[in-house]
Number of protein chains: 2
Amino acid sequence: MGSAGGPMQGRKPEIERIFRALGDATRRAMVERLSEGPVSVSRLAEPLGLTLAAVVQHVQVLEESGLVRTEKVGRVRTCGLEPAGFAAAAEWIGEQRSLWEMRLDRLGELLAGGKGSENK
Amino acid sequence: MGSAGGPMQGRKPEIERIFRALGDATRRAMVERLSEGPVSVSRLAEPLGLTLAAVVQHVQVLEESGLVRTEKVGRVRTCGLEPAGFAAAAEWIGEQRSLWEMRLDRLGELLAGGKGSENK
DNA sequence: CAAACACTAAAGCAATCGCTTAAGTATCGG
DNA sequence: CCGATACTTAAGCGATTGCTTTAGTGTTTG
């Protein structure tokens with residue numbers, strides 16, 4: 001299978017972790033909070049009703065995904081968003097969408113010309 | 001539809017399933033394949049090296065997330081992408097990004113005055 | 001210094017996940 | 001009608017996840 005139709009795939013292991021990180025509601029809530037500006041880990045934990053240990057684990061997942069960046073000064077670790085990570089995710093989604101729309105355009109031509117077999 | 005209260009948060013359970021669905025490499029590969037056009041479940045399974053049962057389960061997850069739509073005619077179930085699902089995901093990501101950038105603008109003003117967190 | 005504070009690291013546990021095998025249920029082809 | 005095809009359903013299993021508790025480490029603060 002020469003696969004002229006599937007040129008790109010699995011380009012980044014980054015994407016794996018990004019979507020996995022975003023697949024958890026708690027983590028998304030943390031991201032939404034961080035989009036308002038950087039906060040410390042314990043501040044992040046406050047509205048979540050979880051132990052600090054649990055929140056630290058979530059922060060680790062977010063940091064490994066590249067969506068969040070943290071820095072420790074003194075005894076406080078401050079977390080903030082890393083826009084590049086979001087760009088990667090948005091890019092992947094955009095690619096699927098544009099491929100799909102491209103394909104819809106071609107389908108339009110086929111329908112105009114007459115109907116034929118669509119997949120073989 | 002608009003809930004009075006917060007700006008927006010956890011608006012849709014849809015998002016949960018979308019990101020969770022996209023968090024799996026096999027499912028993303030299936031989506032990439034589907035972005036080239038609709039295919040049957042067994043056709044989808046072929047390049048994946050999995051049992052048909054496993055692929056059916058993945059298709060179910062994708063369908064429940066709203067990213068994929070399927071239709072069964074005769075004994076064949078055909079799968080295709082559902083652009084609306086991707087729109088929802090892209091929208092969520094875009095919101096976090098724009099909030100963050102908005103916030104960066106304000107930060108620029110603060111930096112003009114000095115450095116440090118504005119927290120307390 | 002001693003106590004409070006903000007994490008950090010490790011162990012353990014129930015629930016979920018991704019997968020398999022095995023046994024169905026409808027079509028379709030001859 | 002009989003067999004192949006294309007799923008469908010259910011059970012089960014090992015790995016991963018999200019959490020907790022417990023016990024640290026390093027940092028302020030009185």
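Letters A, B, ... mirror the listed sequences (proteins, then strands); counts begin at 1.
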Nucleotide nearest A/Val76 when distance is taken to its side chain, options C/dG18, D/dC7, C/dA6: C/dA6
Closest nucleotide among D/dC7, D/dC19, D/dA11 to the B/Gln57 side chain: D/dA11
Sugar-phosphate, base or nothing in reach of B/Thr51, heavy atoms under 4.0 Å: base
Are any of [X]'s side-chain N or O atoms less than 4.0 Å away from OP1 or OP2 of [N]?
X       : N      : answer
B/Ser40 : D/dA6  : no
B/Arg75 : D/dA4  : no
A/Arg27 : D/dG18 : yes
B/Lys72 : D/dA6  : no
A/Arg43 : C/dA6  : no

First encountered from the 5' end of DNA chain D, between A/Gly74 and B/Ala53: B/Ala53
Main-chain N/O of A/Glu82 paired with A/Arg69 side-chain donor or acceptor, under 3.5 Å: no
Donor-acceptor pair between A/Glu14 and A/Trp92 side chains, under 3.5 angstrom: no
B/Arg20/B/Glu16 salt bridge by N-O under 4.0 Å criterion: yes
